[in-house]
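Here the structure is laid out as structure tokens; the discussion comes afterwards.
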Amino acid sequence: MSRRIRVALAGNPNSGKTTLFNAITGARQRVGNYPGVTVERREGKVRVGEVEVDLVDLPGTYSLTAYSIEERVAREEILRDDVDVVIDVVDASNPDRNLYLTTQLLEIGKPLALAWNMSDLARAAGVEMDLEKLSAALGAPVVETVGHRGEGADRLLRTAVEVATAGGATPARVHYGAELDAALDALAGRSDLAAAAAKLRRPARWLALKLLEDDEDVAARVGDAAMREAARALAAPIAARAGDRIEALTADARYGFISGVCRAALRQTAQLRHTTSDRIDAVLTHWLFGIPIFLLLMFGVFRFTFALGEPLMGVLERGFEWLGATVGGWWPAGSDSLLRSLLVDGVLGGVGGVITFVPNILLLFFAISLLEDSGYMARAAFVTDHLMRKFGLQGRSFIPMLLGFGCTVPAILATRTLEQGRSRLATILVMPLMSCGARLTIYMLLIPAFFPRRLQAPVMWSIYVIGIAAAFTLARLLRWTLLRGETHPLIIELPPYRWPTLRSALLRMLTQAGLYLRKAGTIILAISIVLWALTTFPRKAVFERDYDGEAARAQSAYEAAAARIFETTEEEVASAIGRHAELTARIAALRAQFAERIAEEESPEGSPERWTLLAARDAGLARLREEEPARFDRALRYLDEALAPRDEALRAIEAARRMERMNYSFAGRIGRRMEPAIRPLGFDWRIGTALIGAFAAKEVFVAQMGIVFSIGEDSVAALRERLRAEYTPLTAFSLLLFCLLSAPCMATVAVTRQEAGGWRWAAFQFVGLTAVAYLVSLTVYQIGSRWL
Amino acid sequence: MTGSPQTSRAARRLSDVRAGEIVRVAGVDSGHALRMRLLAIGLSPGATVRMMQRHRIGPCILAVRGARLALGRGMLSRIRVEPVS
């Protein structure tokens, strides 16, 4: 007979709970969100004999009060009717504190099993344990586990199933002292409380305890004023006599219970757990070296990400190009099919652009996971806390903001490690100001076009610094105005350092990639199609010039030239070209290689490097001439006088056609409508049109500029030439600032909506940042144009 | 004058504790939510605390119930302490 049971996995942060969960479920897990909040919800399925087990990984918590979202979520999940058993993961090397959550689980009274986790570390630290005594004292079975090696996981599951099916021992009762116990009995014995407990499906004694502790959530649910009054009347004299609040007394009783349990079942022979860790902390959290070490580590993370990520990105880019060509090839050459354009330019172009960032995101998360699992991230929050607090942010905001230099989307996802609330919201809202990798492509186009070499690095640097300054200024302003309120005080545990495991880092990396790709598959696809439509419709049917005729003329001029060069008839010219094809290709390859090397090494004209390259090319050409003395000169002439002019002409015709289409499309019209508004920033309608494209993904700006200037996308140098002719360096700087500050890309809008909880904040971010960008660019351009 | 009124009235705070010193928690002056949090991570009345790291500015590191905790200054000044007997 097959059965299904539901098991909830509870435990302190850093207790190794998620590692254990991963060890049990492996890749058979689903990651989602609890409804309405951004707390991650992990679920997995396993079979234990005949029983189907649904395992839920609760958020890590220190207790089960209702004062943080994580705790509220965990509590609600545990109290669900269909949860048959709770597994409490306890860090065996720190039982004193970890068992506090256990006492609260005992209070709830659900069937319970303990995972005595990291028991290898506990042994190494000199803790001698008698798990039978421990189990007897708690009234729940205890199973030794070593999470990262998966040891004991099977036995733990079997025990949990046993507890759920056979009913385990009765959970031990925590005593709070004669007075409080009496008050608890009195309250739990009331008939109205019994009724409320039945209605709310909560244990009566637990409900009574929470009422005495003045738990806001429970009090609100009970709602009955008489009962709350009764609880208050019972609690007040006890609190007054003890000189402390009820919740302090119950906490004290719980810790008392724990030390009783520990005395009976554990013997600490040495205190070793922290000595190594403390020694490392003396360096890593040093008042002077702490921050430089942190920055160095982060620099390392970025080097790692980009060094490994760039080549992978290149592979993906080429993959999408190939896919685009393949899909495009389903239609005849030069086809005007709408479906083709939608698939190639809209879907593959848009989603592909976003997916190419996946390797970087994966690697970034991999590196961060390693640091996180090692225990360093808590230290990073510690060393940056003081600085971040001055801006109304948390120490923990720092890491996500650094990730923002890579890509805003994973950076916003990473804010999940922050305390919920206004400082997290502020972190999310200003995140796009940390200049992401995609915007770098815009800077790479504009800066070399407008600024002399010696100014290029400072301009680039200033853009990043302005972004950082704007992020912190706006965060501060937001926290003084719209998001006013206290910053969560820093309370963070510094777990002992340990070696991170590859398995857990890989799992976390894949989870994040899944989140990102799911987004690319849905909302980003939708927005890509909208933007494609904006640049495609309305379609121009009648063009101002006869592009097809011009192309045909270029082709026949080419054939005539070739026939002249090869001294043959126009009927025979194709075979003559064919006979010279191999030689022509070799000459073209030599030249292309030379051009590529020059571009790579950036060697100026007349430099010795340039001479060497030139000599190498000419030597290669001379060798070819010796090999093929009869045909070489003709091939050369054919290349320069027939082939090159035709390709040039076709490119220009195609580019002009694209520009005319773009002008006619909605995007072009919007760009033109926008012109009066962006004129004061130094922009014209062409820049406006390109900025619309930049919303899809920032790097699209470059391609759009290529289109509006009717220059092939591949020729960055030619585009720079045109830009230099059209605009001033001041316009360029204004544009750089605008691209840095304005409207985040669609992926960011989507992820902000999800993480900040609603379109409202996403819209606010979009409009707010665009307004800031407008003001900054306006100021810079207006002051600059008067001044210069 | 016998004994300054200052010292008898104002209890010592965790924020005044020097690095390396060991004290006992006497009480917490904070809102409900924060107190529950502190109790849960082990800073309950009677708990022994050792100040591990304390710099001129910024948060401090404490050893409490076998764990290391980092707490901000504002938080520390709300925790009353007494000498260990």
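We name chains A, B, ... by the order of the sequence lines, and we start the count at 1 in each one.
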*Where on R37(B) is there a heavy atom nearer than 4.5 Å to chain A: the side chain, the backbone, both, or neither?*
side chain
_Rounded distance (nearest 0.5 Å) linking atom CG of L490(A) with atom CG of L71(B)_ = 6.5 Å
*Under 3.5 Å, is there a donor-acceptor pair between the side chain of Y255(A) and the main chain of G42(B)?*
yes
*With a 4.5 Å cut-off on heavy-atom pairs, point out which of R56(B), R73(B), M75(B) contacts chain A the most.*
M75(B)
*Tell me the residues of residues 16-25 of chain B whose non-hydrogen atoms fall below 4.5 Å from those of chain A, in number order.*
none
*asked:* So which atom in H32(B) and which in D214(A) form the shortest heavy-atom distance, rounded to 0.1 Å?
replied: NE2-O, 3.3 Å
*Look up atom CD1 in I491(A) and atom CD1 in I41(B), then write down how far apart they are to the nearest 0.5 Å.*
5.0 Å
_Q104(A) portion near chain B, given a 4.5 angstrom heavy-atom threshold_ = neither
*Could you look at N14(A) and say if it's the side chain, the backbone, both or neither that has a heavy atom under 4.5 Å from chain B?*
neither
*From CZ (R389(A)) to CD1 (I57(B)), nearest 0.5 Å*: 13.0 Å
*Look up atom CZ in R68(B) and atom CZ in F382(A), then write down how far apart they are to the nearest 0.5 Å.*
12.5 Å
*Which of the residues E71(A), H286(A), E419(A) is involved in the greatest number of heavy-atom pairs with chain B at under 4.5 angstrom?*
E419(A)
*Per-residue contact mode, R78(B) against chain A (heavy atom under 4.5 angstrom)*: side chain
*Checking T285(A) against chain B: side chain, backbone, both or neither under 4.5 Å from a heavy atom?*
both
*Return the option, out of G58(B), A70(B), S44(B), G27(B), with the maximum number of heavy-atom pairs under 4.5 Å with chain A.*
A70(B)
*Tell me, yes or no, whether the heavy-atom count around E82(B) atom CD, taken from other residues, nucleotides or ligands under 6.0 Å, exceeds 12.*
yes
_So if I take each residue of residues 242-253 of chain A and look for any heavy atom under 4.5 Å from a heavy atom in chain B, which residues do I end up with?_
D244(A), R245(A), E247(A), A248(A), A251(A), D252(A)
*Pick one of side chain, backbone, both or neither for Y100(A), based on which atoms fall under 4.5 Å of a heavy atom in chain B.*
side chain
*What part of L62(B) is in contact with chain A, defined as an atom under 4.5 angstrom from a non-hydrogen atom: side chain, backbone, both or neither?*
neither
*So which heavy atom on A40(B) is nearest to which on R97(A), and how close?*
O-CD, 3.5 Å
*Any idea which of T65(A), D278(A), D96(A) has the most non-hydrogen atom pairs under 4.5 angstrom with chain B?*
D278(A)
*asked:* For A282(A), which atoms come within 4.5 Å of any heavy atom of chain B: side chain, backbone, both, or neither?
replied: backbone
